[in-house]
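These notes concern the structure reproduced below.
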Amino acid sequence: MAAPVTKVGILISGRGSNMMALVEQARGYEVALIASDKPDAAGIAWAQQHGLATFTQSPKGIPKAEYEAAIDAALRDASVEIIALAGYMRLLSDDFVARWRGKIINIHPSLLPKYKGLDTHARAMEAGEAVAGCSVHVVTEELDGGEVLGQAEVPILPGDTPDTLAARVLEAEHRLYPRILAEFCAR
Ligand code: GAR
């Protein structure tokens, strides 16, 4: 009998290039739902064009608990087992994280534990780092603080700007995330 395929839900807020990489390189997992806090996210349009199930819920004007309950219900309706955050730019509440304890992973554009939070590339360059990169980690209540599952490094080159560095890191993200998600689903 074939091994069961883990159902993954991906949360995005924008462009969704990591989500596309997770869809296009899916092995050992199946993308069951793509959800967003931004109904007009470019990644949602891409997902719909590719016949993937989508769910959007704006958090505007409703309590956070209500917003998250809607996302939670959509994920459970789609039988999602693992959640992959991919450029999802909203903090999940402690309650949500507790309900999905050990089942949420995230990609972050720095070599954690360095440069948690925002503006990671500018901060790495200002600090005079020679290398930058990305990390996939388990999501806990601590921002960008859970177990690191995998990392990829790229050089910081003379003449780099935060944007050129971000583009180099993003390519590394697209290679790293599908591999680490597949490993995580198999463990
Ligand atoms: C990616 O670089 C991802 O690492 C970062 O946002 C970008 C999303 O791009 N995530 C964070 O900063 C999370 N704190 P994408 O929408 O094209 O995948």
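Bear in mind the structure is a predicted one, so any value in this text is a computation, not a measurement. Note that ligands are numbered from 1 as they come in the structure, with each ligand's atoms numbered from 1 the same way.
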> Is Ser17 in polar range of ligand 1, meaning some N or O pair under 3.5 Å apart?
Replying inline: yes
>> For atom 11 (C) of ligand 1, what is the closest protein heavy atom, and at what distance to 0.1 Å?
In response: Pro109 CD, 3.6 Å
> Side chain, backbone, both or neither: which part of Leu170 comes within less than 4.0 Å of ligand 1 when only heavy atoms are counted?
Replying inline: side chain
> Out of Met89, His121, Lys116, His174, whose heavy atom sits nearest atom 13 (C) of ligand 1?
Replying inline: Met89
> Hey, does Met20 sit under 4.0 Å from ligand 1 if you only count heavy atoms?
Replying inline: no
>> Using a 4.0 Å cutoff against the non-hydrogen atoms of His108, which atoms of ligand 1 qualify?
In response: 14 (N)
> N/O to N/O below 3.5 Å, does that happen between Arg15 and ligand 1?
Replying inline: yes
>> Tell me the protein heavy atom at minimum distance from atom 8 (C) of ligand 1, and give that distance in Å.
In response: Gly87 CA, 3.6 Å
>> Give the atom numbers and elements of ligand 1 that come within less than 4.0 Å of a heavy atom of Gly16.
In response: 15 (P), 16 (O), 17 (O), 18 (O)
>> Using a plain distance cutoff, I'd like to know if Asn18 has any nitrogen or oxygen under 3.5 Å from a nitrogen or oxygen of ligand 1.
In response: yes
>> Does Lys116, at its NZ atom, have more than 12 non-hydrogen atoms belonging to other residues, nucleotides or ligands within less than 6.0 Å?
In response: yes
> Does a side-chain N-to-carboxylate-O contact under 4.0 Å join Glu183 and Arg187?
Replying inline: no
> Do Thr120 and His108 have side-chain atoms, one donor and one acceptor, less than 3.5 Å apart?
Replying inline: no
> When clusters are formed from ILVMFWY side-chain contacts under 4.5 Å, directly or step by step, what else is grouped with Ile83?
Replying inline: Leu11, Leu33, Phe55, Ile62, Tyr67, Ile71, Leu75, Val80, Leu85, Tyr88, Leu92, Phe96, Val97, Trp100, Ile104, Val139
> Which pairs, with at least one residue in residues 54-64 and sequence neighbours excluded, count as a side-chain hydrogen bond (donor to acceptor under 3.5 Å, both in side chains)?
Replying inline: Gln48-Thr54
> Going by the order shown, which atoms of ligand 1 are within less than 4.0 Å of some heavy atom of Glu173?
Replying inline: 1 (C), 2 (O), 3 (C), 4 (O)
>> Working to the nearest 0.5 angstrom, can you tell me the gap between Lys38 NZ and Ile44 CD1?
In response: 11.5 Å
> Out of curiosity, does Leu111 fall in the hydrophobic cluster containing Val138 (side-chain heavy atoms, cut-off under 4.5 Å, transitive links)?
Replying inline: no
> Is a salt bridge present between Lys7 and Glu81, judged by a nitrogen-to-oxygen distance below 4.0 Å?
Replying inline: no
